[in-house]
Amino acid sequence: MSSAPGPGREPPRYLSKAEAEAIEKELLEDYRFGRQQLIEIWGHACAMAVTKAFPLPSLPRKQPTVLVVCGPAQNGAIGLVCARHLRIFDYEPTIFYPKRSPDPLYRDFTTQCEKMDIPFLSYLPTEVQLINDAYNAVVDAVLGAEVEAGEGREPCAAILATLKHVRIPIVSLDVPSGWDVEAGSSGGISPDVLVSLSAPKQCARRFLGRQHFVAGRYLPYDVQKKFELNPPKYPGTECVVAL
């Protein structure tokens, strides 16, 4: 279901990196959201977007397999939560998480996935045909807005080099890995689906994929108003909507 701006409805605002950080800071400090709470909200929303973009009956393979590739920072933790919810929704996620964070919070998310018998890959095949043949889609939770977290360093550089060549659809969380939050792609991956968290970032203007979802319904009204987000209309009880 689309949520294009209707007559008289302003299009959603596209955030700079500083604005996105300011919103997150306000949620954590003024509204007393916990970081675990935010990551859970975002991960659940990303899983919901995957179910909308790739409903189980529409998957080309008999097994509803999805590869979730997680980086070492916050976007990777969101990917772990996304994988857990995909499992609950009867998909068959597999996680590649080569550089595990020592953060106790991220370790908890990892344990939850392990306890739900979600398999973890010990390596990512460099032969992309193996990935194309085994999975219906890839969730890119490698870098997101944290480009400095290791775009040019291993293991992220090798992961991005592989993901650039896969032919199955890629779902990027918030900011496609390898993209600048504001300027957009500089040789990064080309996702088919983008899930913007809270509100679209400026780089999303350069997104040319099939579907762009926004997951920002959880934001308090005063935050939406203060930052002039002009959020899309969320029908019914939806927490994620396609632009």
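Atoms considered below: every heavy atom in the structure, side chains included; atoms not considered: hydrogens, waters and symmetry mates.
Here E127 pairs with nothing under the salt bridge (Lys or Arg N to Asp or Glu O under 4.0 Å) rule; sequence neighbours left out. Scanning for side-chain contact (heavy atoms from CB on, under 4.5 Å) contacts around S101 gives Y97, D103, Y106, with sequence neighbours left out. Take E21 and apply the salt bridge (Lys or Arg N to Asp or Glu O under 4.0 Å) test, not counting sequence neighbours, and it matches no residue. Taking T51 as the reference, nothing meets the side chain to side chain donor-acceptor pair (under 3.5 Å) condition, with sequence neighbours excluded. K25 meets the side chain to side chain donor-acceptor pair (under 3.5 Å) test with E29; sequence neighbours excluded. When the side chain to side chain donor-acceptor pair (under 3.5 Å) test is applied to E19, the partners found at least two apart in sequence or on another chain are R13, S16. Scored by the side-chain contact (heavy atoms from CB on, under 4.5 Å) test, P220 finds L27, Y31, F33, V223 as partners (sequence neighbours excluded).
Residues R167 and V128 fail the side-chain proximity criterion, which asks for heavy atoms closer than 4.5 Å. In this structure the side chain of I95 never reaches within 4.5 angstrom of the side chain of P119, judged on heavy atoms. The shortest side-chain heavy-atom distance between F213 and V193 falls under the 4.5 Å cut-off. In this structure the side chain of V241 reaches within 4.5 angstrom of the side chain of P235, judged on heavy atoms. Put simply, the side chain of L208 does not reach to within 4.5 Å of the side chain of S190, judged on heavy atoms. A 4.5 Å side-chain heavy-atom check between P200 and V214 finds at least one atom pair inside the cut-off.
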Under the salt bridge (Lys or Arg N to Asp or Glu O under 4.0 Å) rule, what do R35 and E24 come out as? Steps first, then yes or no, please. CA-CA 9 Å; R35 185 162 297 282; E24 186 171 331; 2.8 Å; yes
Report the C-alpha separation of V171 and L194 in whole Å, then their side-chain angles, then the decisive distance to 0.1 Å, and conclude whether the side chain to side chain contact (heavy atoms under 4.5 Å, CB included) test is met. CA-CA 6 Å; V171 181; L194 176 62; over 6 Å; no
Please determine whether side chain to side chain contact (heavy atoms under 4.5 Å, CB included) holds for the pair L197 and I78, giving the CA-CA distance in whole Å, both sets of side-chain angles, and the decisive distance to 0.1 Å. CA-CA 10 Å; L197 306 176; I78 296 169; 3.8 Å; yes
Trace of the side chain to side chain contact (heavy atoms under 4.5 Å, CB included) decision for I23 with L219: CA-CA 9 Å; I23 290 175; L219 287 170; 4.2 Å; yes
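Remark: the backbone N or O of P93 is not paired with any side-chain donor or acceptor of R87 at under 3.5 angstrom. Side chain of S177 to backbone of L143: a donor-acceptor contact under 3.5 angstrom is found. Side chain of D192 to main chain of G209: no donor-acceptor pair is present (N/O by atom type, distance under 3.5 Å, no hydrogens or angles).
When all heavy atoms are compared, the tightest approach of E182 to A18 is OE2-N, 4.4 Å. Nearest approach of L121 to F96, heavy atoms of both residues: O-CD1, 3.6 Å. Closest heavy-atom contact between V138 and I131: CG2-CG2, 4.2 Å. Nearest heavy-atom pair across C82 and V139 is SG-CG1, 4.5 Å. Heavy-atom minimum distance, F89 versus A47: CE1-CB, 4.0 Å. L163 and V142 make their closest contact through CD1-CG2, 4.3 Å (heavy atoms, listed as atom of the first residue, atom of the second, distance).
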Name each donor-acceptor pair under 3.5 Å that joins a side chain in residues 53-72 to protein atoms two or more places apart or in another chain, with its distance.
from: S58; atom 1: OG; to: P55; atom 2: O; distance (Å): 2.7
from: R61; atom 1: NE; to: D133; atom 2: O; distance (Å): 3.0
from: R61; atom 1: NH1; to: Y135; atom 2: O; distance (Å): 3.3
from: R61; atom 1: NH2; to: N132; atom 2: O; distance (Å): 2.4
from: T65; atom 1: OG1; to: A134; atom 2: O; distance (Å): 2.8
from: T65; atom 1: OG1; to: N136; atom 2: ND2; distance (Å): 3.3

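Using a 4.5 Å cut-off between side-chain heavy atoms of Ile, Leu, Val, Met, Phe, Trp and Tyr, with links allowed through other members, M116 and L105 fall into the same hydrophobic cluster. Linking ILVMFWY residues whenever their side-chain heavy atoms come closer than 4.5 Å, directly or via other members, places L28 and F227 in the same cluster.
The CZ atom of F109 lies 6.0 Å from the CD atom of Q112; values are rounded to the nearest 0.5 Å. Taking CG of L80 as the start and CG of D108 as the end, the distance is 11.0 Å to the nearest 0.5 Å. Distance CD1/I159 to NZ/K164: 12.5 Å, rounded to 0.5 Å. Interatomic distance, CZ of F207 versus NE2 of H212, reported as 7.0 Å (0.5 Å rounding). Taking CG from L86 and SG from C46, the interatomic distance works out to 9.5 Å, rounded to the nearest 0.5 Å. The distance from atom CG of L229 to atom CG of L15, rounded to the nearest 0.5 Å, is 6.0 Å.
For residues 60-80, there are no ring pair (Phe, Tyr, Trp, His ring centres under 6.0 Å) pairs, not counting sequence neighbours. Listed by first then second residue, pairs satisfying side chain to side chain donor-acceptor pair (under 3.5 Å) with a partner in residues 36-46 read E40-R84, E40-H85, W42-Y218, not counting sequence neighbours. Listed by first and then second residue, the salt bridge (Lys or Arg N to Asp or Glu O under 4.0 Å) pairs that reach into residues 45-56 are K52-E238, sequence neighbours excluded. A salt bridge (Lys or Arg N to Asp or Glu O under 4.0 Å) check over residues 197-226, counting only residues at least two apart or in different chains, returns the pairs E26-K226, D174-K201.
The side chain to side chain contact (heavy atoms under 4.5 Å, CB included) test with P12 singles out one residue from P232, S196, P231, and that residue is P232.
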